[in-house]
Protein chains: 2
Amino acid sequence: MPRSNAGTKGVPRADREAQILVAATRLFGTLGYAGTSVAAVAEPAGISKPLVYSYFGSKEGLYSACLRRAGEQLAVEMEVIARSGVVGLERGLRTLEGVFDLLEPQPWVWRLIFDPTAPAEGEVAEVMATYTARITALAEEGVGELAALVGISDPLDVSALVRVWMSIFDALVGWWVDHPDQSAEAMTARCVRLFTGVTGADLGTVLA
Amino acid sequence: MPRSNAGTKGVPRADREAQILVAATRLFGTLGYAGTSVAAVAEPAGISKPLVYSYFGSKEGLYSACLRRAGEQLAVEMEVIARSGVVGLERGLRTLEGVFDLLEPQPWVWRLIFDPTAPAEGEVAEVMATYTARITALAEEGVGELAALVGISDPLDVSALVRVWMSIFDALVGWWVDHPDQSAEAMTARCVRLFTGVTGADLGTVLA
DNA sequence: GAGGTAACTTACTCCAAGGTCATATTGCGA
DNA sequence: TCGCAATATGACCTTGGAGTAAGTTACCTC
């Protein structure tokens with residue numbers, strides 16, 4: 001019998017890294033960057049703090065790794081939908097639908113990307129800026145098209161409207177996270193009802 | 001000449017408290033609760049840290065005091081507008097207008113009330129909940145009325161729509177904070193254009 | 001002008017959390 | 001089977017910021 005708990009347990013680095021990322025993503029997404037300690041990540045991952053540092057270097061490094069995985073997933077999902085040819089309000093809806101599906105098993109991931117408690121400088125800020133920029137670009141595309149259609153042409157108006165749209169998106173995801181009994185499908189249907197009610201548009205065929 | 005810097009400077013407690021609150025509100029609203037240290041508040045107020053503790057008891061006590069002042073101002077402003085008889089989308093606009101005016105000299109106050117880095121328990125959380133509840137009640141009133149008009153009756157749909165509305169409000173204030181060159185009046189006009197564009201409603205008379 | 005009190009500061013304590021070091025165990029190739 | 005690299009940890013160092021103890025100065029009243 002070993003005299004200490006140290007020593008390898010036969011788990012390869014890649015596997016451990018994956019385990020740590022899962023635990024960290026969940027905690028960061030739930031408690032926020034500032035509210036999560038590295039020790040609190042190590043515990044559910046079943047390992048000790050120094051191993052986390054050995055693999056990810058720092059708390060920021062750990063967060064960046066989580067961010068890259070989650071951000072890539074979300075950005076790709078949204079980009080695929082944007083390139084699928086759907087336009088107008090329906091494009092917004094389809095994007096919501098895709099995000100709801102993606103987030104269904106791990107809704108806390110959303111907060112990761114827009115966490116206001118994350119550091120405003122350094123590596124984390126840069127990675128966040130990358131994904132925020134990719135997502136914002138898509139929003140600008142969609143909102144810009146829609147704005148032109150209803151006669152909103154002033155660039156500052158469009159800029160504000162982009163912000164509003166992203167905020168609506170965030171609010172709907174946030175509401176959903178607070179109502180875990182609602183399925184992704186039900187959420188999409190809800191969005192259709194709300195959009196229809198507010199804009200008067202016809203989105204009846206979206207739920208095919 | 002005095003041998004130390006200690007000793008009264010003849011400033012009455014009420015005056016000092018007011019100075020401290022001004023400095024604290026600005027810092028909390030800019031850097032957030034978590035990002036602001038009590039020492040950082042003391043410095044621009046021109047005093048030392050223990051005096052802050054002597055007057056406000058704790059960092060939470062200090063934040064609560066800021067919150068009460070700011071929250072009361074905002075809640076009263078919004079309640080007055082709500083009771084003034086204006087209805088429908090115009091009520092939303094008038095509320096935005098009132099908040100823009102109130103915030104013009106101190107836009108950072110907005111973030112104070114919805115600061116996500118504030119503690120989730122204890123006195124601060126309670127005070128925040130109080131004002132959030134007052135403001136949410138007004139939103140529910142206004143949104144509920146509007147929702148009924150466009151045939152949205154499911155309580156969960158209304159609940160989600162309330163969240164969306166508050167988020168739009170927050171986005172518009174946030175955009176404005178990021179564009180300090182825009183006057184409160186210009187912002188109100190912008191909101192009229194956006195609302196008109198998105199909903200198709202006629203708000204032409206609002207800018208009287 | 002003596003003393004009580006309000007206003008004020010210096011110099012600490014304490015703790016949580018980020019980060020590091022020295023060391024222990026085991027799998028595996030030569 | 002020998003030894004090295006990879007995996008792992010307990011114990012430690014360090015820092016920043018919340019909070020406090022004890023003392024200093026000045027105003028105000030009698």
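- Proximity note for B/Thr8 (side chain, C-beta onward) versus D/dT25, D/dA18, C/dG18: the nearest is D/dT25.
- Looking at the side chain of A/Leu51, the nearest of the listed nucleotides C/dT10, D/dA18, D/dT9 is D/dT9.
- Straight-line distance from the CD atom of B/Glu43 to the P atom of C/dT9: 13 Å, rounded to whole Å.
- Residue A/Pro50 has its side chain nearest to C/dC21 when only C/dG19, C/dC21, D/dG19 are considered.
- Along DNA chain D, the nucleotide nearest to B/Ser37 and the one nearest to B/Gly10 differ in position, and the one closer to the 5' end is contacted by B/Ser37.
- Within 3.5 Å, a donor on the side chain of A/Lys49 pairs with an acceptor on the base of C/dG19, or the reverse.
- Neither side chain, A/Glu123 nor A/Tyr63, offers a donor N or O lying under 3.5 Å from an acceptor on the other.
- Among the nucleotides C/dT26, C/dG19, C/dT9, the one closest to the side chain of B/Lys9 is C/dT9.
- Between the CD atom of A/Glu60 and the P atom of C/dA17 there is a distance of 17 Å, given to the nearest Å.
- For the pair B/Arg16 and C/dC8, the criterion of a side-chain N or O lying under 4.0 Å from OP1 or OP2 is met.
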### Message
Between A/Trp110 and A/Phe100, is the ring-ring contact (aromatic ring centres under 6.0 Å, His included) condition met? List the steps.
### Response
CA-CA 10 Å; A/Trp110 183 254; A/Phe100 288 144; 9.0 Å; no
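- For B/Thr199 (side chain) and A/Thr199 (main-chain N/O), no donor-acceptor pair under 3.5 Å exists by modelled atom type.
- For B/Phe56 and C/dC8, the CZ to C1' distance is 15 Å, given to the nearest whole Å.
- Rounded to an integer number of Å, the gap from CG of A/Leu31 to P of C/dA17 is 11 Å.
- Looking only at atom types and distance, the side chain of B/Tyr33 has no donor-acceptor partner in the side chain of B/Glu60 under 3.5 Å away.
- Summarising the geometry, the separation between CZ on A/Phe28 and C1' on C/dA17 is reported as 13 Å, rounded to the nearest angstrom.
- Using a 3.5 Å distance cut-off with no hydrogens or angles, the side chains of A/Gln182 and A/Arg190 do pair a donor with an acceptor.
- At the heavy-atom level, A/Ser58 lies under 4.0 Å from the strands shown only through sugar-phosphate atoms.
- Taking atom OH of A/Tyr53 as the reference point, atom P of C/dA17 lies 11 Å away to the nearest angstrom.
- Note on B/Asn5: a side-chain N or O is less than 4.0 Å away from OP1 or OP2 of C/dT10.
- Applying the 4.0 Å criterion to OP1 and OP2 of C/dA6, one finds that B/Tyr55 has every side-chain N and O outside that range.
- Per the geometry, CD1 belonging to A/Ile20 stands 11 Å off P belonging to D/dT7, to the nearest Å.
- Rounded to whole Å, atom C1' of C/dC15 lies 15 Å from atom NZ of B/Lys59.
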